[in-house]
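Down below is the structure, laid out as structure tokens.
As the structure is a computational prediction, the values presented were derived from the model and not from experiment. Proteins come first, then strands; the chains are lettered A, B, ... in the order of their sequence lines, and each starts at number 1.
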Protein chains: 4
Amino acid sequence: MGASTDSDATETERGPGRPREPAVDRRILDAALRLMAQSGYVRMTMDQVAALADVTKATIYRRYPSKIQLALAAIASYCDQAPPVYTGDTRSDLIAQMENFRHGLDRPHGMAMLGTVLAEEHATPELLARFREYLVAPRRTAIRVLLERACNRAELHPNADLELAENMLVGSYYAHYLAGYPFPADWATRVVDAVLAGIKA
Amino acid sequence: MGASTDSDATETERGPGRPREPAVDRRILDAALRLMAQSGYVRMTMDQVAALADVTKATIYRRYPSKIQLALAAIASYCDQAPPVYTGDTRSDLIAQMENFRHGLDRPHGMAMLGTVLAEEHATPELLARFREYLVAPRRTAIRVLLERACNRAELHPNADLELAENMLVGSYYAHYLAGYPFPADWATRVVDAVLAGIKA
Amino acid sequence: MGASTDSDATETERGPGRPREPAVDRRILDAALRLMAQSGYVRMTMDQVAALADVTKATIYRRYPSKIQLALAAIASYCDQAPPVYTGDTRSDLIAQMENFRHGLDRPHGMAMLGTVLAEEHATPELLARFREYLVAPRRTAIRVLLERACNRAELHPNADLELAENMLVGSYYAHYLAGYPFPADWATRVVDAVLAGIKA
Amino acid sequence: MGASTDSDATETERGPGRPREPAVDRRILDAALRLMAQSGYVRMTMDQVAALADVTKATIYRRYPSKIQLALAAIASYCDQAPPVYTGDTRSDLIAQMENFRHGLDRPHGMAMLGTVLAEEHATPELLARFREYLVAPRRTAIRVLLERACNRAELHPNADLELAENMLVGSYYAHYLAGYPFPADWATRVVDAVLAGIKA
DNA sequence: TATTAATCGAGACGGTACGTCCGGTCTTCCA
DNA sequence: TGGAAGACCGGACGTACCGTCTCGATTAATA
């Protein structure tokens, strides 16, 4: 993700004055990440983050305007991991993508973090927007790409509602989690097969 | 929902001492409900609830050990509403059920409340349990009943995974909401048709 | 001291209805006394008193209109002990009286209780009045009697200000205590001698 | 008096971090003082103090760990006033000193405050200690100085117990107050004369 | 080299809510 | 009527945490 005031972080375009210590950036995000994994967003305290990162609160707030933004940045920084490589086969690529998606939420407090963003929705609307932009959208796009490729190959029904298919794929996880059911090992496979059954050519 | 210590509330089985004023119970829940609808869980204050219910905070805390528990009780008390009647036709019954489900979450702060419960998951695990028991389970059961009826009528594929079908139906809402897409008027219809397409006989 | 509503406690003059259980009276006062000795007036709680006396708060409040009144009654009940007998010698009688006075305040929380009454002075003025009536006045009268007897025997200066002498005798304890000095064994003797030195004939 | 952790307040010896606003210190003490004069310690509320001082409760609690400590500090800050100047004459200097002492306690809630400190004695022992140090000791020392000067001038009996004389002087006030007698205008004079009568050379 | 402007550590401060405690009253039932 | 049990009001207490602000010390680019 990125800093607060500055533009895109990669383009340093230095002004005068002492530059920010890059090590501090990492220490803050790591501390936030660790605390959220341990205790969740609600129990995490800015003072705790500051102490663990060996930094003062002011230093944090110079980078992120609020606790929730820090949390979001921390998560985003963590989620920048390599997506699964494509084999070319629609079904197995989708399954791999869904496994990836599931692992992103399976770690401790994964859904709790999502809940926090939702809870904060009305207080900080742009937060949900960033959440969508950095976390939701990339994954959905990856799935969409696979579905459209399959559509172009005529593997799917020409009138298939791809957006709806996406929702069913991704949403199955949420519903399953909320219902409290345990996740079977072949969960991704079953979901993908079920959805494909409804839209295949 | 119900009182704190006692069992099921319907069975009053009076002990000694002054009984709790039933009017107070309602006033508290109504106040909480109203405030949450207006401002959401986060902005709602226990003092506000107390003031609006014309009650002291101690009286609230005698019933609910924390703010979040009060919120849950309030929601549960609200959601005891009549489910749609069945026509006998699987497709239209499912659509009606999905419309009902959607309306339950469409009201202001509906998803925000769900988010709150998720956010609190690790701090208060039994909260999510009650949420499932009182809010999630009843709706899923209603859907399950329809699906099983259809299965018995041989309208569905004999090996259809009904639980997965449920997840796709319900989960579509969550995914759609999270993606930030606007909900079309015929949303329920499209979802039901898509799912049925995958499992019909 | 006595009960609240009724007249003088010895005169029972029964009205209709169930008579008060006399054992309860003692249990309440004993409980209050014990708790005050342990933790002092401030830390003593009406619920604690009720629990220790195996009685409900209502039962206590039927007897004493407030916590402070209960405390006062408890102390008064305790202080009904035999005063020292007179030998006829002014000096030794005064010393005995002062020893008695000192012992009344020396027990744990003795001065703390006095402090409580003073602290409550403006909130409950009549409390200090009762305190004077039941605890202060009797002791001062005893001293006064001795001084007047000595005056009549011409042992004292005819113009001696006896009230002031009383104040110096009794007040020495308060001042000594407030100063934080330890009390020597012959404290009473020294005080009496010093005062008598100023007013003897 | 002074801050909480630091030593003597006169020696500022700045540590790191933002220094405490001195104006806040005064505003808090003034507010406490004013409220105590109006309503006494018991009726004074921390929220009231905070509101009147235009400060938050946390700011108060950062300086004083409890309500009672705040009260004590407030009083101590008030009592730093010029003592009466000496004329050189023992009797008139003592009288002036006693008048001063009396005026310190005569103001509304003066004795009530003393009572509060005594009442809290066992709960917060160091409170009484500070009370002695800041309020009791200075006055007693002033008296003691006068007595010793008189002793050195051979105005007093060489074996006179000066400490006891102090106790009689100061204690007379307490005893008089507790007895509920009204204070005559020449009270100080009479007390000083009576005590001096017992110890003069 | 001196100046300038930003960073960082440390901690005070405002604001706001939370959950607890306690004194005192009232209501219900039982004896 | 007395007493047990406990709900309820009113009000205060002390704590927690977020986000801002004010100091002082430091560090790099610039003039």
How close or far is atom [atom2] of [N] from atom [atom1] of [X], stated in whole angstroms?
X: A:Leu52; N: E:dG9; atom1: CG; atom2: P; value: 14 Å
X: A:Arg62; N: E:dA5; atom1: CZ; atom2: C1'; value: 12 Å
X: B:Tyr64; N: E:dC18; atom1: OH; atom2: P; value: 16 Å
X: D:Leu70; N: F:dA12; atom1: CG; atom2: C1'; value: 15 Å
X: D:Ile60; N: E:dG14; atom1: CD1; atom2: C1'; value: 12 Å

Is the phosphate of [N], meaning OP1 or OP2, less than 4.0 Å from a side-chain N or O of [X]?
X: D:Arg63; N: E:dG11; result: no
X: B:Thr59; N: F:dC9; result: yes
X: D:Arg20; N: E:dG11; result: no

So the salt bridge (Lys or Arg N to Asp or Glu O under 4.0 Å) pairs with at least one residue in residues 66-77 of chain A (sequence neighbours excluded) are none
The complete set of salt bridge (Lys or Arg N to Asp or Glu O under 4.0 Å) pairs with one or both residues in residues 113-123 of chain B, sequence neighbours excluded, reads none
Which of B:Leu29, B:Asp25, B:Val55, B:Leu70 passes side chain to side chain contact (heavy atoms under 4.5 Å, CB included) with B:Arg63? It is B:Asp25
Once base and sugar-phosphate atoms are separated, protein heavy atoms under 4.0 Å mark nucleotides 15-22 of chain F, 5' to 3', with B, S and - as B-SSBBBB
The salt bridge (charged side-chain N to carboxylate O under 4.0 Å, His left out) partners of A:Arg26 (sequence neighbours excluded) come to A:Asp30
The residue, B:Pro22 or C:Arg27, whose nearest nucleotide of DNA chain F is more 5′ is C:Arg27
For residues 35-60 of chain B, the side-chain hydrogen bond (donor to acceptor under 3.5 Å, both in side chains) pairs (sequence neighbours left out) are B:Thr56-B:Thr59
Taken in chain and number order and not counting sequence neighbours, the residues that satisfy side chain to side chain contact (heavy atoms under 4.5 Å, CB included) with B:Ala112 are A:His122, B:His109
